[in-house]
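Take a look at the structure set out below.
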Amino acid sequence: MLTDKITEKIKNSLLNDPRFADLDFSNLLLSIPRNPDHGDFSTNFAMINSSRLKSKPIDLAQEMLNLLKKSDDSFFQDISIEKPGFINFVISNKIYQRYLADVVLQGVDYGSGIHNNKKVLIEFVSANPTGLLHLGHLRNAAVGDSIARILKFSGYDVVKEYYVNDYGNQVRLLGESLKERVLEKLKLDFNIPEGGYKGDYLIDVAETLLLTKDSRSILKEETAFFSNFAISCLTKEIEKDLEDLDINFDSWYSEKEKIHDSDSVINIKKLIMSANGLYKKEKAEWIKTSEYGDNDDWVITKSDDSSTYFMNDIAYHHDKFLRGFDKIVNVWGADHHSHISRLKASMKLLSNDLSKLDFVLIQFVRLIKDGQDVSMSKRSGTYTTIKDMLNEFNKDLVRFMMVSRSSDSHFDFDLDKCREGSDDNPIFYIQYASARINSILNKHDLNKDDTKSVDLSLLTEEKEIKLIKKILSFPDTVEEASGTMSPHKIAFYLQELAAIFHSYYKSTKVLIENDELSKARILLLSSIKIVFVNGLNLLGVSSPERM
RNA sequence: GCGCCAGUAGCUCAGCUGGAUAGAGCAAAGCACUUCUAAUGCUUAGGUCGGGGGUUCGAAUCCCUCCUGGCGUACCA
């Protein structure tokens, strides 16, 4: 990465002087100044260390500048200091050109990083399989999957997991509701139970069930049979919806199988007891989370002896730790934020390493259609499903919009403004840029040998240098998005790159008489295309060949 | 009451591990298609970063406080 190289060069030159030898060089951060007059990169390292070295920031910057200039081998075109103590760097064009040549060679790997294949478990969506996926799950799905893609690209070994809530009261109710729908189908009296599932989708499930065997033997079955059938059908539907969004899970973790059909809960309870973290009160069992950082204690076993949802969640998360991951990420809806502190407390009680545990909270997104809030249809009391959504809007648009904002800010998503052809549609803006490049490359592309012989020093136009700089900052953007688990940083980056490209496209012709220059520009475009493809892929968005 | 997230241009939002003159898109006003894709480009206008204190060389960013909005606050999951 270019920034790594620069940091290394600065560090090496400063280490020549014993005075700087014991500085904390992890504080040596480079930023890209907003104002281009301040160079390509800038550091506040002198200001940060001025008090420790007992010098005025500007004097310290001057000392550093002298060392830097002394050891520079024309990597930098210019190094300068600016009050109150910034050191600004301008990189030589030939360095930019050299790095640009690598982009095409790296191809699909360009921008990827190294994190030693540390193992990450990321759990997201995990919607209860008692219904279909609806808009409330959409942002979680898109953000979770993009984070997974980004982590993987930046060098982690990622497992994507869906926790299937296939046990408990809700599941029983689902089974009972399905049985009533079967009765309905058979034109018999039916009555969906109090608190049951009234959605039409169970009618479809009932129809499917009736195809499997004769109705008389179906009606003899226990509730569990209906529950199991419904869960299996709906899980398949969920899986299919996710596939339509290009989201695939590596692991479907069944609560019933992994937690209830095993001794998991009993074992965890023993662990809690041996940590002296459990007590009885009013016929229930409580966990002493208040002693580990939460405000309250919580019930883990109800007075009827069944375990609470929280107990199951403790068992599930403890198991995540047992499975040996270096990093455990939970992508949760913001309505679950209050669970974080109690889950952390319980994991601490069980002596797990909390630094491995990470949460991404997804705030609600309000969907506006025809000027109306359609996040939930108030009239029918039903949710708009992801199926409905994908019938009307293409996957790329939906996914891009869902990750185009920081996940901890709630935002309004106006569908009408984002329709195809609309001016307010950033994904088409980006894809269009990519398609424009394709159309040029289709007319004239370079073969491998050409690539090596291209003279990139011919790329001297202001916009060309700007494009090169932007392309070369892609790996840093990926690393930043990975470190903060923020897909929107990729989305913004791609829009900026597209903007610079469109402007360049308008002002400068690529396929021209001057063959050498033309080749250099084609190589530049090939690099941009690689960034578009790699970047959009991180968001689960395609890069169409033409539009 | 308590907790979490948010409040930045008319609208939707970036910028928040403190940095230099606060940005983008849309909307508004004007301009550019004999051209490798006009789903584009160029120009203009638009701001007391919710209010008030504090911390320091420097605050949209950190701390305190108040106001406003969203979401939570079960022996439901």
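Residue numbers start from 1 in every chain, and the chains themselves are labelled A, B, ... in the order their sequence lines are given, proteins ahead of strands.
The base of B:rA14 is not paired with the side chain of A:Ser406 by any donor and acceptor separated by under 3.5 Å. Checked by distance alone, A:His339 brings a side-chain donor or acceptor within 3.5 Å of a matching partner on the base of B:rA77. If you check distances only, the side chain of A:Asn44 does reach the base of B:rG19 with a donor-acceptor pair under 3.5 Å. A donor-acceptor contact under 3.5 Å is not formed by the side chain of A:Asp296 with the base of B:rA74. One N or O donor and one acceptor, one from the side chain of A:His410 and one from the base of B:rG69, sit under 3.5 Å apart.
Rounding to the nearest 0.5 Å places CD of A:Gln363 at 8.5 Å from NE2 of A:His337.
Out of B:rA20, B:rA32, B:rC75, the shortest distance to the side chain of A:Val299 is found at B:rC75. The nucleotide whose nearest atom lies closest to any side-chain atom of A:Arg436 is, among B:rA39, B:rA20, B:rA38, B:rA38. Which of B:rC42, B:rA74, B:rA20 sits closest to the side chain of A:Trp298 comes down to B:rA74. Side-chain atoms of A:His502 lie closest to B:rG41 of the nucleotides B:rG41, B:rC36, B:rA77. Side-chain proximity of A:Ala435 to the nucleotides B:rC13, B:rU37, B:rG19 is greatest for B:rU37. Taking only side-chain atoms of A:Tyr432, from C-beta outward, the nucleotide of B:rG41, B:rA6, B:rA39 with the closest atom is B:rA39. Of the candidate nucleotides B:rA32, B:rU37, B:rA14, B:rU37 has the atom nearest to the side chain of A:Lys443. Side-chain proximity of A:Gln363 to the nucleotides B:rG70, B:rA38, B:rG3 is greatest for B:rG70.
If you check residues 300-316 of chain A against RNA chain B, the residues with a heavy atom closer than 4.0 Å are A:Lys302, A:Ser303, A:Thr308, A:Tyr309, listed by number.
With a cut-off of 3.5 Å on both pairing distances, the Watson-Crick and G-U wobble pairs of RNA chain B assemble into stems of 3 or more at B:1-7 with B:67-73, B:10-13 with B:23-26, B:28-32 with B:40-44, B:50-54 with B:62-66.
Going from atom CG of A:Asp476 over to atom P of B:rU17 covers 17 Å, rounded to whole Å. To the nearest angstrom, C1' of B:rG15 lies 16 Å from CD1 of A:Ile490. When rounded to the nearest whole Å, the span between CG of A:Leu29 and P of B:rA20 equals 15 Å. Distance A:Phe41 CZ to B:rA20 P: 17 Å, rounded to the nearest Å. Here the P atom of nucleotide B:rA14 and the CG atom of A:Leu497 are 21 Å apart, to the nearest Å.
A salt bridge is absent between A:Lys466 and A:Glu462; no separation between the charged side-chain nitrogens and carboxylate oxygens falls under 4.0 Å. At a threshold of 4.0 Å, the pair A:Arg366-A:Asp412 counts as salt-bridged, since one of the basic side-chain nitrogens sits closer than that to a carboxylate oxygen. One finds a salt bridge joining A:Arg521 and A:Glu461 here, because a Lys/Arg side-chain nitrogen approaches an Asp/Glu carboxylate oxygen to under 4.0 Å. A salt bridge between A:Asp261 and A:Lys256 is present, with a side-chain N of the basic residue lying under 4.0 Å from a carboxylate O of the acidic one. Checked for salt-bridge contact, A:Lys258 and A:Asp319 miss the test: no charged N lies under 4.0 Å from a carboxylate O. A salt bridge links A:Glu123 with A:Lys320: the distance from a Lys NZ or Arg NE/NH1/NH2 to an Asp or Glu carboxylate oxygen falls below 4.0 Å.
Taking the centre of each ring, A:Phe25 and A:Phe45 come in below the 6.0 Å mark.
When the nearest nucleotides of RNA chain B are assigned to A:Ser31 and A:Trp286 by heavy-atom distance, the more 5′-ward of the two goes with A:Ser31. Mapping A:His488 and A:Val510 onto RNA chain B by nearest heavy atom places A:His488 closer to the 5' end of the strand.
The aromatic rings of A:His339 and A:Trp332 lie perpendicular to each other, with more than 60° between the two planes, well past the 30° mark. Taking the six-membered ring for Trp and thresholds of 30 and 60 degrees, A:Tyr163 and A:Tyr316 have nearly parallel ring planes, at less than 30 degrees apart. A tilted orientation is assigned to the rings of A:His502 and A:Tyr429, their planes being inclined by 30° to 60°.
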Reading nucleotides 21-30 of chain B from 5' to 3' and marking B where a protein heavy atom lies under 4.0 Å of the base, S where only the sugar-phosphate is that close, and - otherwise, the string is B-S-SSS---
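Between A:Lys489 and B:rG15, a side-chain N or O to OP1/OP2 separation shorter than 4.0 Å is present. Within the 4.0 Å cut-off from OP1 or OP2 of B:rC42, at least one side-chain nitrogen or oxygen of A:Ser503 is found.
A donor-acceptor distance shorter than 3.5 angstrom exists from the side chain of A:Asn140 to the backbone of A:Val331, with no hydrogens or angles considered.
Stacking annotation: A:Phe86 is stacked on the base of B:rA20 (ring centroids less than 5.5 angstrom apart, interplanar angle below 30 degrees).
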